[in-house]
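The structure that follows is given in the form of structure tokens.
Only this structure's heavy atoms are used, side chains among them; waters, hydrogens and symmetry mates stay out. Indexing begins at 1, ligand by ligand and atom by atom, following the structure's order.
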Amino acid sequence: MICVASDAEALAAAAAERFAAEAGRATAARGRFLVLLAGGETPRRLYRLLAEEPWRSSIPWHRTFFFWGDERCVPPEDPRSNRRMVTDTLLDRLTLSPDQRYPIPCDLPPQLAAEAYQDELLRFFGTDPPRFDLVLLGLGEDGHTASLFPGSDALKERHRWTAVTRRPEEPFDRITLTAPVLSRGRLIMFLVSGAAKARIVAQLLENEGTPFPARLIVPAEGELLWLLDREAAALLKGPIAAVSGDELC
Ligand code: 6PG
């Protein structure tokens, strides 16, 4: 399903609404809510909103567990760190216990960090590949999602849950969860905002032939939701399932 919100603020509000609904559903069904977090600018707004009322007091945070979909191999206090971004915008504003946060351990060398995170997931989920209640993802102008970049060997990964990747223009490696794990999410929610994304959004959602990394995210059994703002949706020609304006998708 594709939902279009009027602007970036409305997109964040729609995402917060779905986040809260999924938290309620997951805790009622299984006693806990397992969230996979995205980096990037678009979810930053969502995280800030979730730290405010009404979400701050209505979401069952004490039963919510946070994991990261990808990370830049930089020190945890580096402003480019996804761990730091979510910590500053959301996690440090909530009352959580240490066992609710599972950041990717980028204080280790990249290959060891990828292996350590896979082991961490194994300890938490057991031997079946992780199944998150909510997988948050973004979309790059080149069609990347998480840290799955065009041309990367990680795109071919079918068995491992984590991989080391690199974006040629960056001076550091990244760790990413692989497409088969991301695809197992119960709800996979892409958040895409801004005119710079309009072309890739149209190519990805309306032209089945284009082999972008984001196309590898194919829900195994879950739901796939594209939450766009009007600028990001501007080049879509086909009918859009819901044009929300300020209503929520
Ligand atoms: C990251 C990401 C990455 C991001 C996209 C879109 O850590 O940067 O996980 O995949 O989601 O690049 O980013 P924006 O929301 O900033 O456009």
Hey, are the side chains of Phe190 and Thr145 touching, using non-hydrogen atoms and a 4.5 Å cut-off?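 The answer is yes; the side chains approach within 4.5 Å.
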Which protein heavy atom lies closest to atom 1 (C) of ligand 1, and at what distance to 0.1 Å?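 Looking only at protein heavy atoms, the one closest to atom 1 (C) of ligand 1 is Arg72 NH2, 3.4 Å.
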Considering only non-hydrogen protein atoms, determine which one is nearest to atom 12 (O) of ligand 1 and report residue, atom name and distance to 0.1 Å.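 Checked against all protein heavy atoms, atom 12 (O) of ligand 1 sits closest to His144 NE2, 2.7 Å.
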So Phe33 and Phe19, would you call those rings parallel, tilted or perpendicular, with 30° and 60° as cut-offs?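 Perpendicular.
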Is Arg72 close to Ser81 at the side-chain level, that is, under 4.5 Å between some pair of heavy atoms?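 A side-chain contact is absent here, since even the closest heavy-atom pair is not under 4.5 Å.
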Step through it carefully: locate the ring centre of Tyr102, locate the ring centre of Phe66, and say whether they are under 6.0 Å apart.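 Distance test on ring centres: not under 6.0 Å, no.
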Location of contacts on Asp70 toward ligand 1, heavy atoms closer than 4.0 Å: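 The part of Asp70 near ligand 1 is the side chain, not the backbone.
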Mind telling me whether Phe125 and Phe132 have parallel, tilted or perpendicular rings, with 30° and 60° as the class edges?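 Judged by the thresholds at 30° and 60°, the geometry between Phe132 and Phe125 is perpendicular.
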In terms of atom number and element, which parts of ligand 1 are under 4.0 angstrom from non-hydrogen atoms of Gly138?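 Those qualifying, in numeric order: 11 (O).
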Does atom CZ of Arg199 have more than 12 heavy-atom neighbours, drawn from other residues, nucleotides or ligands, at distances under 6.0 Å?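 12 or below, so no.
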Does any N or O atom in Asn82 lie less than 3.5 angstrom from one in ligand 1, N or O only?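 It does: an N or O of Asn82 is found under 3.5 Å from an N or O of ligand 1.
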Nearest non-hydrogen protein atom, atom 4 (C) of ligand 1: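 Minimum-distance protein heavy atom for atom 4 (C) of ligand 1 reads Gly39 O, 4.0 Å.
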One residue to check: Val192. Relative to ligand 1, which of side chain, backbone, both or neither has a non-hydrogen atom less than 4.0 Å away?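 Neither; no heavy atom under 4.0 Å.
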Between Phe67 and Trp161, is the ring centre distance below 6.0 Å?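 Not under 6.0 Å, so no.
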Polar-atom distance check: Lys197 versus ligand 1, any N or O pair below 3.5 Å?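 By distance alone, the answer is yes.
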Can you find an N or O of Ala146 that's nearer than 3.5 Å to an N or O of ligand 1?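 The answer is yes, given that Ala146 and ligand 1 share an N or O pair closer than 3.5 Å.
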Proximity of Glu71 to ligand 1 by residue part, where a heavy atom lies under 4.0 Å: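 Contact part for Glu71 vs ligand 1: neither.
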Closest protein heavy atom (residue, atom, distance) for atom 6 (C) of ligand 1: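 In this structure, atom 6 (C) of ligand 1 has Leu139 O, 3.5 Å as its nearest protein heavy atom.
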